[in-house]
Amino acid sequence: MRRQPVLVVLRALGLGDLCTAVPALRALADAYPRHRRVLLTTAGVAPLAAAAGLADEVVTTEDPRSRVHSVRKPHAMYSGSVDVAVNLHGKGPESHRALLAAGPRRLIAFGTAGVPGPAWRADEHEVHRWCRLLRESGVPADPGRLDLDLPAAPVPDGVAGSTVVHPGAAYPARRWPAARWAAVARAEASAGRAVVVTGGASEAGLARGVAAAAGLPSSAVLAGATGVVELAAVVGAAGRVVCGDTGVAHLATALRRPSVVLFGPVPPSLWGPPPDRPWHTALWAGRTGDPWAASVDGGLLEIGVDDVLAALDGLPAAEPVAAAPA
């Protein structure tokens, strides 16, 4: 039996990281149609990667060093060693070493000591960075291929056409004050729009507090009640999304939902929505800072509630939501 060639991609990061790598993953699918594509990613985003068909197989790993080597072992769907390994995880050298442990015939990665490849650029948008890596390695890649199909997952009553308010973020530096989120949610509800508040399990308390301060019913709180696929379905059914610089912003881009995204320490030129999609608005005070800081960024605090409401008022109407595939 002829062995199917294997391509392994490492992107073991968060939701926004997965979404920004979609154009590169699409490019690899086109460039290696005969290969079995294996994506190594985190457990938190693996279900969405699988549902979106971003790879033939999704393998979860929290620490690339402890799992990448396992792709060399015989598997029910392929056997043999790795033919091509692609580092969409970082600039190395640690992630390079993790992939090299799989013994690939070819490694596509940014250049570092002992590993040839294109030069890393610090001031480069995350989407363009990985597409450039592929292009300079001989793989055509279009950074505009950001779209995901709406996942086939049910959404709660009242979500369709609603305003999704997502107040959380991975680090305090990127968390706009809860009282301001509540003011935005209250204004949206007063304008006659249904409002839902989303977040992960660790953000459920924050979401409940925002909803209560906004005068929303407890049923409006979806934080902690959705997995990543269900969260994507909620965003995809929404009329608009307002959030910070976090994974939900990238879901809104991928699913073509109008959005207002608040940026603080990191400029939208590095992580923001594409400028050629006018249904996304990025708010930024023009100051940079530490995105991992333990307190809210000063530039983020310069964005006021009125700024956000004005941006929401300027959003175009959402396109009709296409039915999810059966």
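Worth saying up front: this structure is predicted, and the values here are computed from it rather than measured.
- Between Gly239 and Pro258, the shortest heavy-atom distance links the atoms O-CD, 3.6 Å.
- With rounding to the nearest 0.5 angstrom, the CG atom of Leu18 is 8.0 Å from the CZ atom of Arg11.
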| message | Between Arg36 and Asp56, is the side-chain contact (heavy atoms from CB on, under 4.5 Å) condition met? List the steps. | response | CA-CA 6 Å; Arg36 178 162 187 80; Asp56 298 312; 3.5 Å; yes

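- For CG of Asp276, the number of neighbouring non-hydrogen atoms (other residues, nucleotides, ligands) closer than 6.0 Å is greater than 12.
- Side-chain contact between Thr41 and Thr60: absent, with no pair of heavy atoms (C-beta onward) separated by less than 4.5 Å.
- Annotation: side chain of Val8 is not in contact with side chain of Pro104 (no heavy-atom distance under 4.5 Å).
- Val6 places none of its side-chain heavy atoms less than 4.5 Å from the side chain of Tyr32.
- Val155 and Leu216 are members of different hydrophobic clusters when ILVMFWY side chains are connected at heavy-atom separations under 4.5 Å.
- Val115 is connected to Leu10 through a chain of hydrophobic side-chain contacts under 4.5 Å among Ile, Leu, Val, Met, Phe, Trp and Tyr, so both are in one cluster.
- Under a cut-off of 6.0 angstrom, the local environment of CG in Asp157 is sparse, with at most 12 non-hydrogen atoms contributed by other residues, nucleotides or ligands.
- Note that the CZ atom of Arg34 and the CG atom of Leu7 stand 14.0 Å from one another [nearest 0.5 Å].
- No chain of hydrophobic side-chain contacts below 4.5 Å, direct or via other Ile, Leu, Val, Met, Phe, Trp or Tyr residues, connects Val9 to Val127.
- Cluster membership check: Leu255 does not share its hydrophobic cluster with Val242, using side-chain heavy-atom separations under 4.5 Å among Ile, Leu, Val, Met, Phe, Trp and Tyr.
- A cation-pi arrangement is present between Arg129 and Trp120 under the rule of less than 6.0 angstrom and at most 45 degrees off the ring axis.
- Of the possible polar contacts, none joining the His96 side chain to the Ala109 backbone as a donor-acceptor pair under 3.5 Å is found.
- When hydrophobic clusters are built by joining Ile, Leu, Val, Met, Phe, Trp and Tyr residues whose side-chain heavy atoms come closer than 4.5 Å, directly or via intermediates, Trp176 is not grouped with Tyr171.
- In this structure, the side chains of Val296 and Arg175 stay at 4.5 Å or more apart for every pair of heavy atoms.
- Nearest heavy atom pair, residue Gly264 against residue Leu300, reads CA-CB, 3.8 Å.
- Between atom CG of residue Leu107 and atom CG of residue Leu100 there is a gap of 5.0 Å, rounded to the nearest 0.5 Å.
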| request: For side-chain contact (heavy atoms from CB on, under 4.5 Å), just list the numbers for Leu146 and Thr20, CA-CA rounded to whole Å, side-chain angles, deciding distance to a tenth of an Å, and then say yes or no. | output: CA-CA 7 Å; Leu146 287 163; Thr20 53; 5.8 Å; no

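- The closest side-chain donor-acceptor pair between Asp83 and His35, if any, does not fall under 3.5 angstrom.
- A 4.5 Å side-chain heavy-atom check between Arg106 and Ser137 finds at least one atom pair inside the cut-off.
- Proximity of His128 to Pro23: side-chain heavy atoms (C-beta onward) are nowhere separated by under 4.5 Å.
- With rounding to the nearest 0.5 angstrom, the CG atom of Leu88 is 6.5 Å from the CG atom of Leu133.
- Taking the charged nitrogens against the carboxylate oxygens, Arg132 and Glu124 do have a contact shorter than 4.0 Å, which makes a salt bridge.
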| query | Would Leu231 and Thr198 count as a side-chain contact (heavy atoms from CB on, under 4.5 Å) if you check the C-alpha gap in whole Å, the side-chain angles of each, and the deciding distance to 0.1 Å? | reply | CA-CA 8 Å; Leu231 176 61; Thr198 58; 4.0 Å; yes

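- Here CD1 of Ile108 is found 10.5 Å from CG of Asn87. Values are rounded to the nearest 0.5 Å.
- The nearest pair of heavy atoms linking Pro291 to Pro265 is CA-CG, 3.6 Å.
- When every heavy atom of Ala182 is checked against every heavy atom of Ala213, the shortest pair comes out as CB-CB, 3.6 Å.
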| query | Are Glu57 and Arg37 close enough, and set up right, to give a salt bridge (Lys or Arg N to Asp or Glu O under 4.0 Å), and what steps lead you there? | reply | CA-CA 6 Å; Glu57 180 181 359; Arg37 290 170 293 111; over 6 Å; no

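- Thr163 and Glu188 are linked by a side-chain donor-acceptor pair at a separation below 3.5 angstrom, with hydrogens and angles left out of the test.
- Residues Ile303 and Trp284 are not in side-chain contact: their nearest non-hydrogen atoms beyond the backbone lie 4.5 Å or more apart.
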| message | Using side-chain contact (heavy atoms from CB on, under 4.5 Å), reason through Ser259 and Thr281 one step at a time and then give a plain yes or no. | response | CA-CA 6 Å; Ser259 65; Thr281 298; over 6 Å; no

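- For Trp181 and His166, the ring centers sit 6.0 Å or farther from each other.
- Closest heavy-atom contact between Ala55 and Leu39: CB-CB, 3.6 Å.
- Salt bridge status for Arg180 with Asp307: absent, with no side-chain N to carboxylate O gap under 4.0 Å.
- The two residues Leu270 and Ala122 come nearest to each other via the heavy atoms CD2-O, 4.4 Å.
- Proximity of Arg174 to Phe263: side-chain heavy atoms (C-beta onward) are nowhere separated by under 4.5 Å.
- Taking NE2 of His89 as the reference point, atom CG of Leu13 lies at 4.5 Å (rounded to 0.5 Å).
- Without hydrogens or angle criteria, Asp313 side chain to Ala310 main chain gives no donor-acceptor distance under 3.5 Å.
- The existence of a salt bridge linking Asp147 and Arg277 is confirmed by a sub-4.0 Å separation between a basic side-chain nitrogen and an acidic carboxylate oxygen.
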